[in-house]
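Just so it is clear, the structure is predicted and the values come from calculations on it, not from any experiment. Counting starts at 1 for both ligands and their atoms, in listed order.
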Amino acid sequence: MFRDDLLAGKTVLVTGGGSGLGLSMSRKFAALGANVAITGRSAERLADAAGQISPGGERIFTHPCDVRDFAQVEQMAAAVTERFGGIDVLVNNAAGNFLSATEDLSPNGFNAIVQTVLNGTFHATLAVGRKMIEAGRGGSILNIVTTYAWTGSAFVVPSAAAKAGVLAMTRSLAVEWATYKIRSNAIAPGPFPTEGAWNALMPTPELEAEAKARIPMNRFGEHDELANLAAFLVSDGAPFINGEVVTIDGGEWIGSGGEFNGLTRMPRAMVKGALQAMRGK
Ligand code: HXC
């Protein structure tokens with residue numbers, strides 16, 4: 001889909017790059033020629049991921065950090081800058097989430113999610129953004145949100161509140177940092193199978209089947225589809241896209257809203273027969 005050198009010469013930093021969608025995006029960025037730095041809480045997981053992204057690779061760098069801790073994030077950003085000479089792209093992908101009835105949440109449970117998703121995104125954006133501004137060569141920030149950032153969702157109140165905050169941050173900085181030639185965009189994925197999300201959010205096969213049935217395209221996303229979108233958005237192929245959120249969910253969220261969308265879940269011949277019978281009445 002892209003030229004092999006689409007991201008050559010760029011350094012991309014991916015938070016939560018050791019697993020799930022972060023790992024898939026990192027693999028894509030590396031394949032397109034970027035220097036890739038991945039960060040996450042577990043050094044062991046990062047080392048394993050680096051081996052998968054580029055065995056023995058020169059252009060991959062790992063540095064553990066917990067995005068909830070700004071001091072660790074600053075150290076990590078400094079180490080990446082030292083290794084590659086600067087950071088051109090930041091992908092805020094690190095997230096945490098679990099299903100809980102809101103009345104059963106503790107303030108600490110709320111904090112565990114919000115500090116990772118919202119504060120963590122702010123910490124990385126601040127540390128890396130300052131370096132981008134200082135270097136004066138622009139940059140690109142890509143935040144991974146979700147479609148319930150604007151609809152909200154039952155049973156994931158901390159995540160929904162945090163992702164809504166990240167979306168607001170994306171749009172705010174798209175304007176504020178345009179003067180520094182730093183673009184800010186977001187991707188809103190629907191369900192893409194990952195170990196982390198599935199363990200936390202798909203407790204039973206019944207819930208998984210229910211989730212799939214809600215998607216008009218009747219399947220979950222494939223990692224490569226999301227990685228291609230991310231590569232495009234952070235690349236020089238998209239220099240005028242700024243402040244946008246691109247949904248990639250097979251039509252899931254919009255499909256849950258339209259008054260007559262439920263008809264698509266009935267056999268089409270039956271629906272058409274009923275519509276035909278109504279004509280002229
Ligand atoms: C209720 C819970 C809980 C649960 C943790 N807590 N899990 N409460 N139900 N299932 C509470 C604990 O009781 C504790 O509060 C507080 O949260 C902190 O718990 P810790 O275990 O100390 O937290 P910590 O290890 O810091 O992090 C927890 C976590 C983590 C953030 C949930 O496990 C994590 O990062 N998981 C990653 C999951 C993941 O990858 N998710 C993918 C997200 S995808 P108390 O009061 O007891 O001290 C996504 C997009 C969705 O979000 C889009 C779908 C379409």
Undergrad: Check ring-ring contact (aromatic ring centres under 6.0 Å, His included) between Phe70 and all other residues, then give those that pass, not counting sequence neighbours.
TA: His123

Undergrad: Enumerate, one pair per line, all nitrogen or oxygen atoms of ligand 1 lying under 3.5 Å from a protein nitrogen or oxygen, stating the separation to 0.1 Å; write 'none' if no such pair exists.
TA:
from, atom 1, to, atom 2, distance (Å)
ligand 1, 15 (O), Ser106, OG, 3.3
ligand 1, 26 (O), Arg68, NH1, 2.9
ligand 1, 26 (O), Arg68, NH2, 3.3
ligand 1, 35 (O), Arg41, NH2, 3.4
ligand 1, 46 (O), Ser106, OG, 2.5
ligand 1, 48 (O), Asn108, ND2, 2.8
ligand 1, 52 (O), Asn97, ND2, 2.9

Undergrad: Which pairs of donor and acceptor atoms, one on a side chain in residues 227-234, lie under 3.5 Å apart (sequence neighbours left out)?
TA:
from, atom 1, to, atom 2, distance (Å)
Asn228, OD1, Lys28, NZ, 3.0
Asn228, ND2, Asp224, O, 3.3

Undergrad: Does a salt bridge link Arg45 with Glu195, judged by any charged N lying under 4.0 Å from a carboxylate O?
TA: no

Undergrad: Determine whether a donor-acceptor pair (N or O, by modelled atom type, separation under 3.5 Å) exists between the side chain of Asn185 and the backbone of Gly243.
TA: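 The answer is yes, because a donor-acceptor pair under 3.5 Å joins these two groups.
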
Undergrad: Would Arg130 and Glu134 pass as an ion pair if we require N to O under 4.0 Å?
TA: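 Judged by the 4.0 Å cut-off on N to carboxylate O distance, Arg130 and Glu134 do not form a salt bridge.
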
Undergrad: Pairs under 3.5 angstrom only: tabulate donor-acceptor contacts from the side chains of residues 100-107 to other protein residues two or more places apart or in another chain.
TA:
from, atom 1, to, atom 2, distance (Å)
Ser106, OG, Asn108, N, 3.4
Ser106, OG, Gly109, N, 3.0

